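Only one structure is covered here, and it is reproduced in the block below.
Every value quoted in this text rests on a predicted model; they were computed, and no experiment measured them. Each chain gets a letter, A, B and so on, in the order its sequence line appears, and its residues count up from 1.
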There are 2 protein chains.
Amino acid sequence: MESATLLQHHVEQQLRAAGDISSVQFEVLMHLFKTRRATMTELADGVVYSRSGLTYQAGQLEKAGLVTRGPSPDDERATLVTITDAGIDVVHRVLPGHVQVTRRLLYEALSDEDLRRLGDIMARVRDHIREQPPRSAAPRKR
Amino acid sequence: MESATLLQHHVEQQLRAAGDISSVQFEVLMHLFKTRRATMTELADGVVYSRSGLTYQAGQLEKAGLVTRGPSPDDERATLVTITDAGIDVVHRVLPGHVQVTRRLLYEALSDEDLRRLGDIMARVRDHIREQPPRSAAPRKR
DNA sequence: TATTGTTATACTCTATAACTATA
DNA sequence: TATAGTTATAGAGTATAACAATA
């Protein structure tokens, strides 16, 4: 957790300095960079924990002109979020430094074999956590 | 990063439910649980990134009666933070569930060998990041 | 001069609950 | 009834800069 926190912190700083975005916003942008458009729910599943949290972030990104929101033709309830050219520009502007930071802080410390193992282990952990039933983990509340 | 975020989130929920503390406060308490007392700088080094951030957290913990702050006999500039009996109680109340959550979400998904490797790898990453010179990672600011 | 710590301030983010609208 | 999304609100946390005091 300490390593992850340290890495997160450095990544955050690079994203803020290079593109004036947070890491959450970066993840939303990267998702849209690949798919071009997505519903709020699709974005929320991969990124944030509360829907309102994503509404806030989407609002920030829209205010910055990096995405637009519009109705979905398929489902009248849904909102389609689309990345703008400006949003794509920001990704291009931010990505090289992002790769550089992660390389310098993470990859540089590890052999190819380490990296393979780490990826394998953490993928398993991720899947395991995602599978967990949402039973409350609180023993007794004071 | 996704695994770490998921784990962090679950740990946070358990700590909040069982002891009404955040994970940052938990880390401060755990440090003091072991050493009994520490200066603000000592605590900040291991936990938080800004000194004012720790001042805030120490204030929260003091308000909750879990720590006290007083002058240091050795260095008139320093503040000595001491864990109270109530603080120790909170650690005792929170720890079993904390261990349970980390076991269920992390350890359960991994073999002993995985765990050994993960610990080894992440310790190296941590040391590597801590060694980094603080040169700015921002390429060009828009 | 450097270090320790606090304060004031401003901002970002997050979650909860209530609400609207469509499936 | 369930799902998609927003809003209002409130609280927690963080960082920056200015400051006071001691080393």
Side-chain angles (χ1 to χ4, degrees), chain A residues 5-6 8-17 19-28 37-64 66-82 134 136 138, chain B residues 5-6 8-17 19-28 37-64 66-82 134 136 138:
Chain A
T5 303
L6 286 167
Q8 176 70 29
H9 192 251
H10 284 268
V11 165
E12 199 95 46
Q13 296 228 312
Q14 185 273 325
L15 293 173
R16 183 62 66 189
D20 198 31
I21 55 175
S22 68
S23 54
V24 171
Q25 288 160 6
F26 176 65
E27 280 171 47
V28 172
R37 68 194 73 250
T39 65
M40 294 294 283
T41 297
E42 283 164 359
L43 291 175
D45 282 349
V47 172
V48 170
Y49 294 101
S50 70
R51 284 175 305 161
S52 69
L54 181 63
T55 295
Y56 171 77
Q57 292 297 347
Q60 295 299 110
L61 289 171
E62 193 171 43
K63 201 180 351 173
L66 308 184
V67 308
T68 55
R69 277 184 290 186
S72 164
D74 305 329
D75 186 334
E76 296 276 347
R77 295 170 303 178
T79 296
L80 265 189
V81 185
T82 308
S136 168
Chain B
T5 303
L6 286 167
Q8 177 70 29
H9 192 251
H10 284 267
V11 165
E12 199 95 46
Q13 296 228 312
Q14 186 273 326
L15 293 174
R16 183 62 66 188
D20 198 31
I21 55 174
S22 68
S23 55
V24 170
Q25 288 160 6
F26 176 65
E27 280 171 47
V28 171
R37 68 194 73 249
T39 65
M40 293 294 283
T41 296
E42 283 164 0
L43 290 176
D45 282 348
V47 174
V48 171
Y49 294 102
S50 70
R51 283 174 306 161
S52 69
L54 182 64
T55 296
Y56 170 77
Q57 292 297 347
Q60 294 299 107
L61 289 171
E62 193 171 43
K63 199 176 359 168
L66 308 184
V67 308
T68 55
R69 277 184 289 187
S72 164
D74 305 328
D75 185 334
E76 295 276 346
R77 295 171 303 178
T79 296
L80 264 190
V81 185
T82 308
S136 167

Separation of [X] atom [atom1] from [N] atom [atom2], in whole Å?
| X | N | atom1 | atom2 | answer |
| --- | --- | --- | --- | --- |
| B/Leu54 | D/dT14 | CG | P | 10 Å |
| B/Asp74 | D/dA23 | CG | C1' | 13 Å |
| A/Leu43 | D/dG5 | CG | P | 9 Å |
| A/Gln13 | D/dA15 | CD | C1' | 10 Å |
| A/Asp45 | D/dG5 | CG | C1' | 13 Å |
| B/Tyr56 | D/dT16 | OH | C1' | 17 Å |
| A/Gln60 | D/dT6 | CD | P | 13 Å |
| A/Arg51 | D/dA2 | CZ | P | 14 Å |

Roughly how far apart are B/Ile21 CD1 and B/Glu12 CD, rounded to 0.5 Å?
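Going from the CD1 atom of B/Ile21 to the CD atom of B/Glu12 covers 9.5 Å.
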
The side chain of A/Met40 lies closest to which of these nucleotides: D/dT6, D/dA2, D/dA23?
D/dT6

Quick one: label [X] by what it contacts on the DNA or RNA (base, sugar-phosphate, nothing), any heavy atom closer than 4.0 Å.
| X | result |
| --- | --- |
| B/Ser52 | base |
| A/Glu12 | nothing |
| A/Glu42 | nothing |
| A/Thr55 | base |
| A/Ser50 | base |
| A/Ser72 | nothing |
| A/Gln57 | sugar-phosphate |

To the nearest 10°, let me know how far the axis at one end of the helix from C/dT1-D/dA23 to C/dA23-D/dT1 is tilted from the axis at the other, five pairs an end.
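End axes: 10° apart.
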
With a 4.5 Å heavy-atom cut-off, do [X] and [Y] have their side chains touching?
| X | Y | result |
| --- | --- | --- |
| A/Thr39 | A/Leu80 | yes |
| B/Thr41 | B/Arg77 | no |
| A/Thr79 | A/Thr55 | no |

Side-chain N or O of B/Arg16 closer than 4.0 Å to phosphate OP1/OP2 of D/dG11:
no

If every non-hydrogen atom of B/Ser23 is compared with every non-hydrogen atom of B/Gln8, which pair is closest and at what distance?
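Residues B/Ser23 and B/Gln8, closest heavy atoms: OG-NE2, 2.8 Å.
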
Could you tell me from which nucleotide to which nucleotide of DNA chain C, 5' to 3', there is an atom under 4.0 Å from chain A heavy atoms?
C/dT12 to C/dA23

